[in-house]
Amino acid sequence: YKSGFGFNSLNDIYGVTETEFNVNGMAGKKVNDKYVYGALSMDFFKKSRADFETLNLNTDLSRNIVSFNPGVRFDKDKVKLDIGAVIALEKNQDNSLHLFPHVNLSIPIADKVLYGFAGVNGGLIKNNYHTVTQENPFVSSAIIMNANTINKIEMKAGLNGNFSSTVSFLAQVKYSKMDKMLFYVNDPVYFNKFNAIYNDGTVVNIHAELNYKSSFWLTRKMTISKST
């Protein structure tokens, strides 16, 4: 078993303060040839309004995400299968309950050289002032943060392996269907700042990477990734 917690506080010059606190834990036990586990995460966060921001339903909003991931892992003849689900409860202006799949499979094609993998997953992607400023530091302090992105289903398949003891690779294709995807638009008042809008959509990502480990301390990586 394992557990952990995290705390973050963010302030800016326009009077915004955001605090977030996370508690997580996981426990599991091997039963015959299976590993049964459960993981729990609780995330609480709140952003205050900016000095120039008017009071409305989206300001000073206390939000949280609680998710539980039960599952079973099988490992037989080097074939690895992980089957479970993610149950997530989020609170924004209202409470919403979600159920996502969690299935991942890895199969050896050439032992210790080439593996094939596939998965069907889903989950909530947290959107708050901290996450958006990490992605786009030019957002408005009055950005509307009242929704998380719902990754309804994510299907992936690919190959990974090793050319040698120092060179490894990964290639995969991923398809995601999402609700409330976060996009940035110019703020109508402060044109050099961005605000947020939310929309539904799909994302197809093709990803390849090559890793070269020249020593214990040094690894070089070359990555190609394309999303549409």
Side-chain angles (χ1 to χ4, degrees), residues 1-11 16-48 60-76 78-106 115 117-135 145-156 160 168 170 172 174 176 178-180 182 207 209 211 213 216-217 219 221:
Y1 66 90
K2 62 180 180 180
S3 62
F5 68 92
F7 175 80
N8 183 72
S9 181
L10 177 65
N11 303 274
V16 171
T17 299
E18 183 181 71
T19 55
E20 53 184 324
F21 182 72
N22 173 269
V23 179
N24 60 81
M26 178 180 177
K29 183 177 182 180
K30 189 163 185 175
V31 180
N32 299 325
D33 60 344
K34 303 181 292 293
Y35 182 75
V36 181
Y37 67 88
L40 178 66
S41 175
M42 295 180 288
D43 207 340
F44 306 90
F45 41 101
K46 180 178 181 179
K47 172 186 175 293
S48 67
D60 300 315
L61 192 62
S62 294
R63 304 168 58 207
N64 61 68
I65 299 173
V66 178
S67 62
F68 178 57
N69 172 208
V72 182
R73 292 177 189 158
F74 302 87
D75 190 349
K76 186 174 183 181
K78 299 182 180 179
V79 176
K80 298 180 180 180
L81 177 62
D82 187 350
I83 301 176
V86 176
I87 305 164
L89 175 66
E90 62 171 333
K91 176 185 178 295
N92 297 297
Q93 289 183 345
D94 301 306
N95 295 323
S96 300
L97 182 65
H98 309 275
L99 177 64
F100 303 103
H102 179 84
V103 181
N104 292 286
L105 174 67
S106 176
Y115 294 83
F117 64 88
V120 180
N121 297 278
L124 289 177
I125 302 172
K126 181 175 71 174
N127 295 322
N128 67 352
Y129 194 52
H130 181 211
T131 61
V132 299
T133 52
Q134 291 287 307
E135 184 177 75
M145 292 276 89
N146 63 355
N148 301 298
T149 298
I150 305 169
N151 192 0
K152 297 175 69 175
I153 188 166
E154 177 185 279
M155 296 181 289
K156 65 180 180 181
N160 69 304
S168 62
L170 168 70
Q172 72 173 13
K174 186 186 298 181
S176 302
M178 299 186 183
D179 286 353
K180 300 179 182 177
L182 179 65
H207 178 89
E209 65 182 56
N211 299 286
K213 187 173 184 179
F216 179 81
W217 301 105
T219 299
K221 176 185 290 188

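- To the nearest 0.5 Å, the span separating CZ on Phe44 from CG on Asn22 amounts to 9.0 Å.
- Asn128 contributes atom CG, which lies 14.0 Å from atom NZ of Lys46 (distance to the nearest 0.5 angstrom).
- A search for side-chain contact (heavy atoms from CB on, under 4.5 Å) contacts involving Leu61 returns Arg63, Gln93, Asn146, not counting sequence neighbours.
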Determine, stepwise, if the pair Tyr37 / Tyr35 fulfils side chain to side chain contact (heavy atoms under 4.5 Å, CB included). CA-CA 6 Å; Tyr37 67 88; Tyr35 182 75; 3.7 Å; yes
Could you go through Val79 and Leu105, starting from their C-alpha distance and side-chain angles, then the distance that decides it, and tell me whether this counts as side chain to side chain contact (heavy atoms under 4.5 Å, CB included)? CA-CA 8 Å; Val79 176; Leu105 174 67; 3.9 Å; yes
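- When the salt bridge (charged side-chain N to carboxylate O under 4.0 Å, His left out) test is applied to Asp75, no partner is found at least two apart in sequence or on another chain.
- Side chain of Asn127 to backbone of Ala147: a donor-acceptor contact under 3.5 angstrom is found.
- Within the 4.5 Å cutoff, side-chain heavy atoms of Leu124 are placed close to those of Ile150.
- Counting non-hydrogen atoms of neighbouring residues, nucleotides and ligands closer than 6.0 angstrom, the NZ atom of Lys34 exceeds 12 such neighbours.
- In this structure the side chain of Val66 reaches within 4.5 angstrom of the side chain of Met42, judged on heavy atoms.
- With hydrogens and angles left out, the side-chain atoms of Asn160 and Ser168 include no donor and acceptor closer than 3.5 Å.
- At least one side-chain heavy atom of Lys221 sits less than 4.5 Å from a side-chain heavy atom of Glu209.
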Please lay out, stage by stage, how Lys152 and Asp179 fare under the test side chain to side chain contact (heavy atoms under 4.5 Å, CB included). CA-CA 7 Å; Lys152 297 175 69 175; Asp179 286 353; 3.2 Å; yes
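- Counting only residues at least two apart or in different chains, salt bridge (Lys or Arg N to Asp or Glu O under 4.0 Å) contacts with residues 86-98 are absent.
- Paired with Lys47 under the rule side-chain contact (heavy atoms from CB on, under 4.5 Å), one option of His130, Glu20, Glu18 passes, and it is Glu18.
- No more than 12 heavy-atom neighbours from other residues, nucleotides or ligands sit within 6.0 angstrom of CZ on Phe5.
- Checked against side-chain contact (heavy atoms from CB on, under 4.5 Å), Glu135 has the following partners two or more places apart in sequence or in another chain: Tyr184.
- Note that NZ of Lys80 is 15.0 Å distant from CZ of Phe74, once rounded to the nearest 0.5 Å.
- Electrostatic pairing of Lys126 and Asp43 counts as a salt bridge here, judged by a charged N lying under 4.0 Å from a carboxylate O.
- Residues Asp82 and His102 are in side-chain contact: their nearest non-hydrogen atoms beyond the backbone lie under 4.5 Å apart.
- Contact annotation: the side chain of Asn64 never approaches that of Leu89 to less than 4.5 Å [non-hydrogen atoms, C-beta and beyond].
- Residues Ile65 and Ser41 fail the side-chain proximity criterion, which asks for heavy atoms closer than 4.5 Å.
- Nearest approach of Gly119 to Asn104, heavy atoms of both residues: CA-OD1, 3.7 Å.
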Audit row: Leu170, Phe117, side chain to side chain contact (heavy atoms under 4.5 Å, CB included) steps and yes/no: CA-CA 10 Å; Leu170 168 70; Phe117 64 88; 3.5 Å; yes
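- The side-chain heavy atoms of Leu97 and Ile87, taken from C-beta on, include a pair separated by under 4.5 Å.
- Rounding to the nearest 0.5 Å gives a distance of 14.0 Å between OH of Tyr129 and OG1 of Thr19.
- When the ring pair (Phe, Tyr, Trp, His ring centres under 6.0 Å) test is applied to Phe100, the partners found at least two apart in sequence or on another chain are His98.
- Taking 4.5 Å as the limit, every side-chain heavy atom of Asn148 sits out of range of all side-chain heavy atoms of Lys180.
- For the atom pair Asn121 CG and Lys156 NZ, the distance stands at 5.5 Å (nearest 0.5 Å).
- Taking Asn151 as the reference, Ile125, Glu154, Ser176, Met178 meet the side-chain contact (heavy atoms from CB on, under 4.5 Å) condition, with sequence neighbours excluded.
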